[in-house]
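Reading through the structure tokens given below for one structure.
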Amino acid sequence: MVSSTMFDRTAIAPEQPMQIINVPKQKLTPKPRSTGKRLRWDKGLVLTALCLLGLAADAGKANANEDVELQVGIVQRFGEKPDDELTLEATPGDSLTLRFLAGNLQAQTVSVDKVKLEIAMQPLPEPVLEERVVISVHPNFETAEDYAQEWRAKGIETEVAQPERWQVWAKRDVYNTPLLRRLLLQSLQAKGLKTAHIETKVVEKVPRVSWMANGFRFTRAQLEIVAAGKNTIQVSQGKNKRPSRLFVGPLNIQPNAYGNFTLVNRVGLETYLRGVVPNEIGAAAPTAALEAQAVIARTYALRNLRRFAIDGYQLCADVHCQVYYGLSGATPTTDRAIASTKGLVLTYNNELVDALYSSTTGGVTAPFSDVWNGEDRPYLIPVVDAVGNIWDLSSNSLASEENFRRFISLEKGFNEERWEMFRWRKEASLRVLTDHLRKYLENRKHPLANLTAIRGMQIVDRSPAGRIQKMVVQTDKGNLELSKEEVRSALLPPRSTFFYVEPVKKNNAMWGYAFIGGGFGHGVGLSQTGAYKLAELGWSSERILNFYYPGTQLVPLNNSIVFWQNPSAEKK
């Protein structure tokens with residue numbers, strides 16, 4: 001017999017995943033939080049039911065002199081492979097306290113110096129059918145969120161997930177029976193959404209986290225790890241235990257939406273920045289560039305607390321959020337830049353800005369809508385990344401292919417000119433391009449995923465700031481239209497969407513394509529390499545921020561600031 005449930009393995013476990021809650025300071029009882037479109041700071045915004053023992057930590061205040069606690073997923077899919085391992089170790093002279101629920105649901109603690117977490121498969125009393133409706137797949141959170149909001153406006157409840165690529169799911173607790181899921185899928189496909197599909201599997205065993213302590217083996221779905229004295233924990237992943245990283249604050253193993261686990265670091269915002277700034281811009285950057293990076297990293301983190309709501313935490317530790325390695329890589333120079341900007345954030349009309357940034361723009365920053373779907377931000381506009389008057393976008397639009405190629409040929413006078421990724425040329429054969437494109441389409445359940453050959457490609461729409469808006473790839477199975485950031489995901493060579501293509505022949509035969517362009521990353525907002533140069537020229541961090549985010553204000557964090565609101569809702 002096979003029973004049915006949503007595609008959420010935690011639904012079949014006796015212990016439930018941790019969820020965002022709103023808990024007044026004087027209470028410890030979890031209470032669901034509203035998911036309104038306009039979020040201001042309050043005590044419950046970053047307070048999560050992280051303590052499986054019924055305990056709740058006090059959330060920070062939105063005050064420049066006090067810290068804010070974040071929940072960062074530092075290992076996002078632990079248990080995806082049955083041989084996954086995590087080793088957690090106290091620093092010399094300290095010990096770890098493990099907190100979990102005993103079989104009688106009473107709090108239990110165990111003290112150890114070191115613990116190895118492994119995966120144990122627990123048989124279910126009977127097989128369980130797991131399903132979820134995947135409406136769409138996207139290369140980034142921003143476009144996925146916009147797409148999810150479009151479907152909500154049409155009356156279909158959605159949620160954003162990241163099992164690998166970003167996905168929009170039909171809300172699992174709404175479409176909670178096989179019949180409802182299939183009716184929804186029929187409706188979506190009738191509307192022409194051919195990539196929507198149901199992911200189905202029958203599960204007979206579920207993973208649990210297992211560890212040895214004091215001669216006993218424990219197996220649980222949730223676990224809290226606290227350092228008794230110094231509050232630092234060394235974390236190593238894999239059997240070779242490399243690389244190991246040092247994290248401040250408690251760690252929690254908790255179920256996620258994909259049937260495995262996340263190791264979540266509960267860490268103060270300012271301490272979190274110590275693990276972000278040196279790993280994002282590099283400790284060798286000039287002081288003003290480090291300070292600018294600290295401000296936008298702080299702003300970005302607070303604006304994006306909703307990013308992993310489906311999994312019960314807030315931010316990840318890689319490039320899908322900001323690179324965060326705990327105290328690994330922290331330096332006196334980056335620490336001073338963080339301390340000198342403590343509590344400062346960037347705002348526009350008293351709302352935290354969408355503090356997007358990238359490595360290298362290629363010479364022009366991109367508006368938000370050049371890269372992602374959704375409303376433009378008035379402070380994210382095309383900025384020629386140079387101190388001098390090199391190019392006038394108003395009279396020489398980069399939407400013109402001729403103008404764009406002329407712009408790419410310029411190499412001097414830009415803030416980024418000495419960086420390797422400022423200008424580049426990458427070549428790839430038709431075979432390599434075809435293989436990469438096929439894998440991309442297979443992941444999206446695209447009807448052209450059975451292609452066997454690319455016949456040609458052409459850029460058909462480019463924005464005034466030069467970013468590709470639409471590219472058509474001719475294949476043996478039909479024409480494929482790629483939009484914006486899809487181009488980078490679907491094709492192997494491009495480092496940005498700021499490029500043009502040329503056919504390459506070898507031995508008088510069509511061999512592949514050359515991608516000639518500039519920049520590394522999405523190109524929206526601050527350029528890290530550009531900020532480096534401006535700081536060397538003597539610009540202050542505030543002047544650098546105003547250059548890349550015109551019209552914004554640098555202010556101390558306070559209770560009146562709106563963290564985030566749906567830009568579409570703001571216009572209504």
Side-chain angles (χ1 to χ4, degrees), residues 1-19 48-53 71 73-88 98-108 110 115-134 159 161-164 167 169-178 181 198-213 216-225 237-239 251-264 308-313:
M1 176 181 178
V2 178
S3 60
S4 174
T5 185
M6 301 177 295
F7 200 129
D8 178 3
R9 290 183 182 172
T10 59
I12 60 178
E15 296 151 300
Q16 295 298 311
M18 301 164 188
Q19 299 182 359
T48 302
L50 290 164
C51 293
L52 44 129
L53 311 180
Q71 292 96 46
I74 57 175
V75 179
Q76 287 184 276
R77 283 169 282 279
F78 178 59
E80 191 170 41
K81 299 177 181 177
D83 60 347
D84 280 352
E85 287 185 6
L86 281 173
T87 302
L88 283 65
L98 311 181
R99 299 175 180 171
F100 52 94
L101 294 181
N104 59 2
L105 299 184
Q106 296 300 306
Q108 184 171 350
V110 174
V115 63
K116 182 170 71 173
L117 305 179
E118 301 172 295
I119 293 298
M121 298 305 295
Q122 176 181 310
L124 296 173
E126 61 181 33
V128 172
L129 176 68
E130 294 185 341
E131 290 189 330
R132 60 191 177 211
V133 180
V134 179
E159 50 193 349
Q162 195 210 20
E164 183 179 354
Q167 297 182 349
W169 293 357
K171 200 163 178 28
R172 292 160 299 156
D173 61 359
V174 174
Y175 303 96
N176 55 8
T177 68
R181 290 190 283 269
I198 294 177
E199 293 188 355
T200 301
K201 66 171 69 173
V202 176
V203 177
E204 298 180 349
K205 297 179 181 180
V206 293
R208 288 290 179 263
V209 178
S210 177
W211 69 94
M212 289 289 297
F216 295 93
R217 178 162 291 278
F218 299 88
T219 303
R220 295 290 186 272
Q222 303 189 67
L223 171 68
E224 182 183 51
I225 306 100
Q237 190 171 4
K239 297 184 184 299
L251 301 175
N252 285 81
I253 284 282
Q254 59 189 61
N256 56 34
Y258 322 111
N260 39 63
F261 300 91
T262 304
L263 181 64
V264 176
F308 290 89
I310 194 171
D311 296 313
Y313 60 97

Considering only heavy atoms from C-beta outward, does the side chain of [X] approach that of [Y] to under 4.5 Å?
| X | Y | value |
| --- | --- | --- |
| Val203 | Leu124 | yes |
| Arg208 | Glu118 | no |
| Gln167 | Glu159 | no |

Legend entry - Pair Lys201-Glu130, salt bridge (Lys or Arg N to Asp or Glu O under 4.0 Å): steps then yes or no: CA-CA 5 Å; Lys201 66 171 69 173; Glu130 294 185 341; 5.5 Å; no
[atom1] of [X] to [atom2] of [Y]: how many Å apart, nearest 0.5 Å?
| X | Y | atom1 | atom2 | answer |
| --- | --- | --- | --- | --- |
| Phe218 | Met212 | CZ | CE | 8.5 Å |
| Thr262 | Gln254 | OG1 | CD | 6.0 Å |
| Leu88 | Ile225 | CG | CD1 | 5.0 Å |
| Asn260 | Lys81 | CG | NZ | 12.0 Å |
| Met121 | Ser210 | CE | OG | 12.5 Å |
| Glu131 | Asn176 | CD | CG | 11.5 Å |

Legend entry - Matching residue for Leu117 among Leu98, Val209, Val75 - test: side-chain contact (heavy atoms from CB on, under 4.5 Å): Val209
Inset, instruction - Let me see the working for Gln122 and Lys205 under side-chain contact (heavy atoms from CB on, under 4.5 Å), right down to the final yes or no. - result: CA-CA 5 Å; Gln122 176 181 310; Lys205 297 179 181 180; over 6 Å; no
Legend entry - Stepwise side-chain contact (heavy atoms from CB on, under 4.5 Å) test for Leu86 and Ile253: CA-CA 11 Å; Leu86 281 173; Ile253 284 282; 4.2 Å; yes
Backbone N/O of [Y] and side chain of [X]: donor-acceptor pair under 3.5 Å:
| X | Y | result |
| --- | --- | --- |
| Asp311 | Ala257 | yes |
| Asp84 | Gly79 | yes |
| Arg220 | Leu101 | yes |
| Arg181 | Tyr175 | yes |
| Glu224 | Leu251 | no |

Determine the minimum heavy-atom distance between [X] and [Y], stating which atoms define it.
| X | Y | value |
| --- | --- | --- |
| Pro127 | Val202 | CB-CG1, 3.7 Å |
| Ala221 | Phe261 | O-CE2, 3.3 Å |
| Gln76 | Asn256 | O-ND2, 3.0 Å |
| Ile198 | Thr200 | CG2-OG1, 3.3 Å |
| Leu223 | Arg99 | CD1-O, 3.6 Å |
| Gln162 | Phe308 | OE1-CE2, 3.3 Å |

Legend entry - Trp169/Val134 under side-chain contact (heavy atoms from CB on, under 4.5 Å): CA gap, chis, key distance, verdict: CA-CA 5 Å; Trp169 293 357; Val134 179; 4.0 Å; yes
Legend entry - Worked verdict on Trp211 versus Phe100 for ring-ring contact (aromatic ring centres under 6.0 Å, His included): CA-CA 12 Å; Trp211 69 94; Phe100 52 94; 5.2 Å; yes
Inset, instruction - Output, in order, the C-alpha distance, side-chain angles, deciding distance and verdict of side-chain contact (heavy atoms from CB on, under 4.5 Å) for Phe78 and Leu263. - result: CA-CA 7 Å; Phe78 178 59; Leu263 181 64; 5.8 Å; no
